[in-house]
Amino acid sequence: DVVLAADMICQPADAVAAANSIYDALKPSIGRAYVVCADSKHRFGVDRFERECRRVGLHVETQRDIAKLYNGRLVDENIHKTTGYVNGMDLTMFTIQ
């Protein structure tokens, strides 16, 4: 099982709800979730998400500033065309089990 999510945390309560929902959705030991969020400077509550995932018993790996992954191909010049993106926004990817 895989859960994919992006830009779902806009306030601290969203971090709690997202962690609980991911915990409920993943099969123990085999399920994975991949979550991409803007940094906490632009999305309130993102800084709380990793802690909330750990609170419910999930293992979290965090990759900050994902624009550097895959030689920059993951986030290209078209990111500026997306709704909600602002210049200077860094994106964080959480890999969760």
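Count residues from 1 along the sequence. These numbers come from the heavy atoms of this one structure, side chains and all, not from hydrogens, waters or symmetry mates.
Between Arg64 and Asp90 there is no salt bridge, since no side-chain nitrogen of the basic residue lies less than 4.0 Å from a carboxylate oxygen of the acidic one.
Distance SG/Cys37 to CE/Met89: 10.5 Å, rounded to 0.5 Å. Note that CZ of Arg32 and CG of Asp1 are 12.5 Å apart. Values are rounded to the nearest 0.5 Å.
In summary, of the residues considered (Val46, Ile22, Val36), a side-chain contact (heavy atoms from CB on, under 4.5 Å) with Phe94 occurs for Val46 alone. Shown are Val35, Ile66, Thr62; of these, the side-chain contact (heavy atoms from CB on, under 4.5 Å) with Thr92 is made only by Thr62.
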Check step by step if side-chain contact (heavy atoms from CB on, under 4.5 Å) holds for Met8 and Asp14.
-> CA-CA 7 Å; Met8 62 188 196; Asp14 295 342; over 6 Å; no
Might you work through the side-chain contact (heavy atoms from CB on, under 4.5 Å) test for Tyr23 and Arg55, ending with a clear yes or no?
-> CA-CA 10 Å; Tyr23 177 82; Arg55 179 188 58 78; over 6 Å; no
Under the side-chain contact (heavy atoms from CB on, under 4.5 Å) criterion, do Asp7 and Arg43 qualify, and how do the steps go?
-> CA-CA 8 Å; Asp7 203 22; Arg43 297 291 187 269; 2.8 Å; yes
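Clustering ILVMFWY residues whenever any of their side-chain heavy atoms sit less than 4.5 angstrom apart, transitively, puts Tyr34 in a cluster other than the one holding Val56. Linking ILVMFWY residues whenever their side-chain heavy atoms come closer than 4.5 Å, directly or via other members, leaves Leu58 and Met93 in distinct clusters.
Nearest approach of Ala15 to Gly45, heavy atoms of both residues: CB-O, 3.4 Å. Taking all atoms of both residues into account, the shortest heavy-atom contact from Leu26 to Gly31 is CD2-C, 3.8 Å. Between Ala25 and Val3 the shortest heavy-atom distance is CB-CG2, 4.0 Å.
No donor-acceptor pair closer than 3.5 Å links the side chain of Asp24 to the backbone N or O of Ser21. When atom types are taken as modelled, the side chain of Arg54 and the backbone of Val60 share a donor-acceptor pair closer than 3.5 angstrom.
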